[in-house]
Amino acid sequence: MMNSQPNSIAELMQRANDMAGVSLGDIANEHQLNVPDNLKRDKGWIGQLIEMELGATAGSKPQQDFLHLGVELKTIPIDQSGRPIETTYVTVAPLTNIQGLTWENSVVFHKLQQVLWIPVQGDRSIPVANRKIGTPVLWSPNPEQLTALQQDWEEIMEMIALGQVEKVTARHGEALQLRPKAANSHSLTESIAENGLIKLSNPRGFYLKINFTHQILTNAFG
DNA sequence: GGTTGATCATAA
DNA sequence: TTATGATCAACC
């Protein structure tokens, strides 16, 4: 059962606030869904469940989840102290046809304009069904965060443009990092070669580092 | 214990 | 294959 699209940010936030303190098992029951014992084979299960509850538009378009509201939805697993357990996937990294692409025109920039963070207990010792949803955070990057993101993005994209995508490791970047994003390490997609022509590389995605998302949550909760 | 590179499910 | 939703698990 997919809930209807929220018509305003206020409506979206009301739904999000109503989920706070509720367990994943309770939400799943509302939608008559079974809860997996673990997430090994259901890595996106929590995200999909929350999308359903909040009425996000299903689909795999490279756009915000609530395009009409200008809001991207992200669930984020946190430990007992409220620190994110995992990095946050943002989007696939473009590896070709990037001449003239600017930060302001990038998918990363657009998706991070406004994000609704839904913290969820992520400690693996807690059964998935018992994990509780936390207080939502509607976030937009402040000037400092925006600058940090832009610097990382531009540095990484320059490497890609120069045919150096394989030389970019997850250690690059303070806020944003580039990592594999594929079915496996053998997946291939077109990328720019050092001679400017096309070569094949493992697909990459942009991720927000934990320290960065931790700061977002910390700022929101004082 | 935190991070990096690898991986899983699914839709179009 | 590429996009979505992410977490797993080996490694330092």
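Just so we're clear, the structure is a prediction, and the values are computed from it rather than from any experiment. Letters go in sequence order (proteins before strands), and every chain restarts at 1. The figures that follow rest on heavy atoms only: side chains count, while hydrogens, waters and symmetry mates do not.
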Closest-nucleotide ordering on DNA chain B, the 5'-leading residue of A/Asp42 and A/Asn211: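 Result of the comparison: A/Asn211.
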
Strictly by ring pair (Phe, Tyr, Trp, His ring centres under 6.0 Å), give each pair with a member in residues 89-114 of chain A just once, sequence neighbours left out.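 Checked against ring pair (Phe, Tyr, Trp, His ring centres under 6.0 Å) - neighbours excluded - the pairs reaching residues 89-114 of chain A are A/Tyr89-A/Tyr207, A/Trp103-A/Phe109, A/Trp103-A/Trp153.
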
Heavy-atom contacts under 4.0 Å between residues 75-111 of chain A and DNA chain C, which residues? A/Thr75, A/Pro77, A/Glu86, A/Thr87, A/Tyr89, A/Thr91, A/Val92, A/Lys111

Could you identify which residues of residues 146-167 of chain A place a heavy atom less than 4.0 Å from some atom of DNA chain C, listed by residue number, or say none?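 Going residue by residue through residues 146-167 of chain A, none turns out to have a heavy atom under 4.0 Å of DNA chain C.
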
note: A/His172, atom NE2; B/dG5, atom P; distance rounded to Å ~ 11 Å

Are side-chain N/O atoms of A/Gln80 and A/Gln121 paired as donor and acceptor at under 3.5 Å? no

Quick one about A/His31 and A/Glu53 (side-chain donor to acceptor, distance below 3.5 Å, no hydrogens or angles considered), yes or no? yes

My understanding is that only residues two or more places apart in sequence, or in another chain, count here; which of them pass salt bridge (charged side-chain N to carboxylate O under 4.0 Å, His left out) with A/Glu86?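 Testing A/Glu86 for salt bridge (charged side-chain N to carboxylate O under 4.0 Å, His left out), a comparison that skips the adjacent residues, returns none.
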
So for A/Lys43 and B/dT7, does any side-chain atom that can act as donor or acceptor lie under 3.5 Å from a complementary atom in the base?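 Present.
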
Could you list the residues that satisfy side chain to side chain contact (heavy atoms under 4.5 Å, CB included) with A/Asn105, not counting sequence neighbours?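 In terms of side chain to side chain contact (heavy atoms under 4.5 Å, CB included), with neighbours along the sequence ignored, A/Asn105 is linked to A/Leu101, A/Thr102.
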
Sub-4.0 Å heavy-atom contacts from residues 178-196 of chain A onto DNA chain B, ordered by number: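 Output list: A/Arg179, A/Pro180, A/Lys181, A/Ala182, A/Ala183, A/Asn184, A/Ser185.
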
Look only at the side chain of A/Arg179 and the backbone of A/Arg204, and say whether a donor-acceptor pair between them is shorter than 3.5 Å. no

Between A/Gln63 and A/Lys40, which has a closest nucleotide on DNA chain C that is more 5'? A/Gln63

Please classify the nucleic acid contact of A/Asn202 as base, sugar-phosphate, or nothing, using heavy-atom distances under 4.0 Å. nothing

